[in-house]
Amino acid sequence: AAVRRTPRPVHDDAPVLAQHRGLFVTLMLAGRLRGCMGRIEPDGPLAEMLPEVAVLSATGDPRFPPVSAAELDGLEIEISLLTVPEVTQAGDIEVGRHGLIVAARGHRGLLLPQVATEYGWDAEEFLAQTCYKAGLPPDAWRHRDTRLQRFETEIFGE
């Protein structure tokens, strides 16, 4: 059986939960990605968005079937809070520090900063992989009509 699809509210008075920030929830199981979903633009305080995005990561990532109840105890959860994305140039991307958003021709892809570090990518490979995630050719980041944005993350994990 899949996990519950209705999020429970967060009852915590931590000041960070009142912030309006983009966030991603990454789920790992036995060291492997099990789901990762998020929102770039906040549509409410983190206290409201976090439960929704956590459930979405567990049940709505199109790359994976919904997380089952049997998997819950083995899940590792990482929460990435995003800074506001800023328009940038390829030469201003610092691997390991910046996440990346590539947008062109109605497509958009995002990779968190830790992805490039985990795979040992240099800046050019990070740009190419973000284009690929967006459904664009790997060299799309070189085209004038492509918009690049960078952001940083604050990461919380179990």
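Counting from 1, the numbers follow the sequence of the chain as shown.
Thr153 places no side-chain N or O within donor-acceptor distance of the main-chain N or O of Ser80, the cut-off being under 3.5 Å. Between the side chain of His107 and the backbone N or O of Ala134, at least one donor-acceptor pair lies under 3.5 Å. Within the 3.5 Å criterion, the main-chain N or O of Glu152 finds a donor-acceptor partner in the side chain of Thr83.
From Leu27, atom CG reaches atom CD1 of Ile79 across 9.5 Å, with rounding to the nearest 0.5 Å. One finds the CG atom of Leu75 at 10.5 Å from the OG atom of Ser57 (value rounded to the nearest 0.5 Å).
At a cut-off of 3.5 Å, with distance as the only test, no side-chain donor of Thr26 or Gln114 sits close to an acceptor on the other residue.
Salt bridge annotation for Asp145-Arg105: present, with a cationic side-chain nitrogen under 4.0 angstrom from a carboxylate oxygen. Taking a cutoff of 4.0 Å between a charged side-chain nitrogen and a carboxylate oxygen, Arg39 and Glu52 qualify as a salt bridge. Between Arg34 and Glu76 there is no salt bridge, since none of the side-chain N atoms of the basic residue sits less than 4.0 Å from a carboxylate O of the acidic one. Ionic pairing of Glu41 and Arg108 is present here: one or more N-O contacts between side-chain nitrogen and carboxylate oxygen are shorter than 4.0 angstrom.
Taking 4.5 Å as the limit, some side-chain heavy atom of Leu112 sits within range of a side-chain heavy atom of Phe151. Side-chain contact check for Ile155 versus Glu78: some heavy-atom pair is nearer than 4.5 Å. Within the 4.5 Å cutoff, no side-chain heavy atoms of Glu124 are placed close to those of Pro138.
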